[in-house]
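Whatever order the structure lists them in is the order used to number ligands and atoms, beginning at 1. All figures in this text were calculated on a predicted structure; none of them were measured in a lab.
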Amino acid sequence: MCQYWSAVVRGLTPYTPGEQPKLANLIKLNTNENPYPPSPRVVAAIQAELGDDGARLRLYPDPDGERLKAAVARQFASLDIGPEQVFVGNGSDEVLAHVFQALLKHEAPILFPDITYSFYPVYCGLYGIPYETIALDEHFAIRPGDYTQPNGGIVFPNPNAPTGRPLALSGIETMVLANPDSVVVIDEAYVDFGADTAIALVSQHPNLLVTQTLSKSRSLAGLRVGFAVGHPDLIEALERIKNSFNSYPLDRLALAGAVAALDDAAWFEQTRQAVIQSREHLSQRLGKLGFTVIPSAANFVFARHPDRDAAELARQLRERSIIVRHFKLPRIDQFLRISIGTDGECAALLAALTEILA
Ligand SMILES: *Cc1c(COP(=O)(O)O)cnc(C)c1O
């Protein structure tokens, strides 16, 4: 606290990102990064953009990210998506921040699940948005019928985080139809690992907005690229915020790399399937060690051991140079969220847990 701080800053409770340790040789299974490198075409595209002398870096990037919007539209061309339905930003966290300010800030509280991405209440604090949480059922499932009270908007990830549980598109459509006066935002950070994209519904519903990121399924958490797809009127609201904040949220290297990543379908498919296979194998092996594992549609598993304290397990794993995520929050403080690593990393995790549980 300091006399120079504004009242807004004094009132903030910032998000705490998962640890990015400075130590080498740690097995890092705590922030859901992809264990595989991005497409080699990403590296080539960034090198081409840099050129021999980096002279292009003298120039500002395209403020509208037109090539990237076109690449996103190509991805979803079979769903009839055009570039005018696409917004791009510096990671989907930034896209979501603009969404909260542009589309979710109203008098009525917004709704999100009691167990969900812990950034949502932080954005509410930043922008002064009232919210109410809706309890997941006892199996951590979202019940679409629970989201019917008057609200200023609805937001949740699909699959949900940190549970990994997916919601069927029929459930999402139920919510969108039941709330014609507010925007329903589906945060699809993990959708490529096992859920259906609600972008399929965007063209029929003017109050549905879907966000995605290249951080997880495209292995580009370090490049910071995310996007939203929705009705052009919703996109215009986001552009108005963005152009009142930072005209150039995506730099030249990020724009070039992101287009190359989206256009390499084969790499995407291969790495995504590898993660899905490892997840199924890890879930099965954790089950054999006595863990209860929530069936996951994401690139992580959410698991608890009936006889061991989760915080203690996380500490014991850390002693063995493996970091996983533990949330000290109601209902989930006995769970660990474990990102899917390479097969070697998953094997090291299982070996460490076997030793700890012995
Ligand atoms: C990782 C994640 C994001 C943010 O991803 P960016 O790296 O900012 O694109 C958004 N929502 C959820 C649920 C996430 O897990």
Practice problem: Provide the full list of side-chain hydrogen bond (donor to acceptor under 3.5 Å, both in side chains) pairs with a residue in residues 241-264, sequence neighbours left out, each pair given once. | Solution: S39-D264, E49-R252, R74-D263
Exercise. Could you please spell out the steps behind the side chain to side chain donor-acceptor pair (under 3.5 Å) verdict for D80 and S203?
Key: CA-CA 7 Å; D80 252 340; S203 293; 6.0 Å; no
Quiz item: Do we see a donor-acceptor contact under 3.5 Å between the side chains of T213 and K216?
Solution: no
Quiz prompt | Y120 and D187: side chain donor to acceptor below 3.5 Å | solution = yes
Ligand 1: protein N/O within less than 3.5 Å of ligand N/O:
residue	atom	partner	partner atom	Å
ligand 1	5 (O)	S92	OG	3.2
ligand 1	7 (O)	S215	OG	2.6
ligand 1	7 (O)	R224	NH1	2.8
ligand 1	7 (O)	R224	NH2	3.4
ligand 1	8 (O)	S92	N	3.3
ligand 1	8 (O)	D93	N	2.9
ligand 1	8 (O)	D93	OD2	3.3
ligand 1	8 (O)	R224	NH2	2.7
ligand 1	9 (O)	S92	N	2.6
ligand 1	9 (O)	S92	OG	3.0
ligand 1	9 (O)	T213	OG1	2.5
ligand 1	9 (O)	S215	OG	3.4
ligand 1	11 (N)	D187	OD1	3.2
ligand 1	11 (N)	D187	OD2	2.7
ligand 1	15 (O)	Y190	OH	2.5
ligand 1	15 (O)	K216	NZ	3.0

Exercise. Would you please name every residue forming a salt bridge (Lys or Arg N to Asp or Glu O under 4.0 Å) with D114, sequence neighbours left out?
Key: R331
Quiz item: How would you list, by chain and number, every residue that makes a salt bridge (Lys or Arg N to Asp or Glu O under 4.0 Å) with E173, sequence neighbours excluded?
Solution: none
